[in-house]
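Proteins get letters first, then strands, A, B, ... in listed order; numbering begins at 1 in each. The figures here come from the full heavy-atom set of this structure, side chains too, leaving out hydrogens, waters and symmetry mates.
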Protein chains: 2
Amino acid sequence: MDIKLKARYEALSRVIKALSHPTRLLIVEELSRSRYCVCELTEMVGADTSTVSKHLSILKNAGLIKDHKVGASVYYELLTPCVLDFIGCIEDVIKETAEKQLEATGIVTV
Amino acid sequence: MDIKLKARYEALSRVIKALSHPTRLLIVEELSRSRYCVCELTEMVGADTSTVSKHLSILKNAGLIKDHKVGASVYYELLTPCVLDFIGCIEDVIKETAEKQLEATGIVTV
DNA sequence: TGCAATGTTGGCAATATAACCAAATACCCA
DNA sequence: TGGGTATTTGGTTATATTGCCAACATTGCA
């Protein structure tokens with residue numbers, strides 16, 4: 001395969017990989033509503049602060065969010081609202097899959 | 001966190017994870033243009049047939065593609081064209097990130 | 001029927017992810 | 001300045017992912 005194309009797919013997959021974790025999806029959706037600091041997100045996620053901090057750094061590294069300090073706190077905000085459409089698309093995929101599985105059972109006809 | 005919400009994020013991340021691999025992105029884009037059998041995709045990808053077959057089964061499992069046999073061959077087709085928009089969005093993210101890095105060097109002003 | 005071609009599955013080794021704890025850093029205020 | 005709060009980073013362990021090879025299954029054809 002062409003080297004340039006390969007690099008493109010690798011770059012794409014790096015960003016998509018950043019989105020492919022339940023906690024990071026939650027963070028992205030929350031940040032689509034408002035800016036939050038790490039401690040607020042930690043509360044929402046319900047995990048160790050260090051864990052949340054690492055998730056945030058992965059999203060930031062992927063270019064999806066950015067941060068700014070306010071006092072001792074670090075606030076994060078979403079840079080790319082288009083990822084929300086993406087989530088909507090994936091949600092449709094899941095819905096269709098579920099419907100097909102229901103059909104397969106023969107219990108209902110959609 | 002709410003159990004139902006958690007399940008939703010896990011379902012989303014399962015599908016996104018299926019997309020988060022260079023080879024699988026290539027396959028999705030190719031399948032957006034036409035149906036292909038495993039041997040054709042193997043050629044395009046340039047990896048072992050078994051490797052490609054496993055990638056295809058991951059995409060199929062995620063509900064993104066489906067297959068049908070024609071003789072000894074298995075053809076795959078894309079079920080969800082909306083993932084292409086998604087790829088476009090991610091491409092923008094990458095572009096913006098690259099521009100910012102250029103700016104940071106001070107070499108150019110965008 | 002026997003063989004060649006097409007795919008899938010199991011196994012193994014290498015690598016990547018993820019979560020927690022502990023330690024280090026940065027910042028604010030008394 | 002000293003302590004407390006907020007965050008990041010390093011270390012460790014457990015788990016998941018990936019790629020190839022080998023073995024097996026299916027199909028078509030001579």
Participant: Considering only heavy atoms from C-beta outward, does the side chain of A/Leu79 approach that of B/Lys100 to under 4.5 Å?
Facilitator: yes
Participant: Using atom CD of B/Glu40 as one end and atom P of C/dT6 as the other, report the distance to the nearest whole Å.
Facilitator: 10 Å
Participant: How many Å lie between CG on B/Asp67 and P on C/dT6, as a whole number?
Facilitator: 17 Å
Participant: Starting at atom CD of B/Glu10, determine the distance to atom P of C/dA18, rounded to an integer number of angstrom.
Facilitator: 13 Å
Participant: Taking atom CD of B/Glu43 as the centre, report whether more than 12 heavy atoms of other residues, nucleotides or ligands fall under 6.0 Å from it.
Facilitator: no
Participant: Taking for each residue the nucleotide of DNA chain C bearing the nearest heavy atom, is the 5' side occupied by B/Thr49 or by A/Arg24?
Facilitator: B/Thr49
Participant: Give the first and the last nucleotide of DNA chain D, reading 5' to 3', that has any atom under 4.0 Å from a heavy atom of chain B.
Facilitator: D/dT17 to D/dG28
Participant: To the nearest 0.5 Å, what is the distance between CG on A/Leu19 and CD1 on B/Ile16?
Facilitator: 6.0 Å
Participant: Using a 3.5 Å distance criterion without hydrogens, assess whether the side chain of B/Arg24 forms a donor-acceptor pair with backbone atoms of B/Leu59.
Facilitator: no
Participant: Without decimals, in angstroms, what is the distance between B/Tyr36 OH and C/dT6 C1'?
Facilitator: 18 Å
Participant: Using a heavy-atom cut-off of under 4.0 Å over every strand shown, decide if A/Tyr76 touches base, sugar-phosphate, or nothing.
Facilitator: sugar-phosphate
Participant: Inspect the contact between A/Arg8 and B/Glu29 and indicate whether a charged nitrogen and a carboxylate oxygen are less than 4.0 angstrom apart.
Facilitator: yes
Participant: Sugar-phosphate means primed atoms, P, OP1 and OP2; the rest is base. With that split, encode nucleotides 19-28 of chain C 5' to 3' as B, S or - using protein heavy atoms under 4.0 Å.
Facilitator: SBBB---SSS
Participant: Distance-only, no hydrogens or angles: does the A/Glu40 side chain make a donor-acceptor pair with backbone N or O of A/Cys37 under 3.5 Å?
Facilitator: yes
Participant: Measure the acute angle between the ring planes of A/Phe86 and B/Phe86, then classify it against the limits of 30° and 60° as parallel, tilted or perpendicular.
Facilitator: parallel
Participant: Nearest-Å distance, CD1 (B/Ile65) to C1' (C/dG7)?
Facilitator: 13 Å
Participant: Give the rounded distance in Å between these two atoms: CG of B/Leu56 and P of C/dT6.
Facilitator: 15 Å
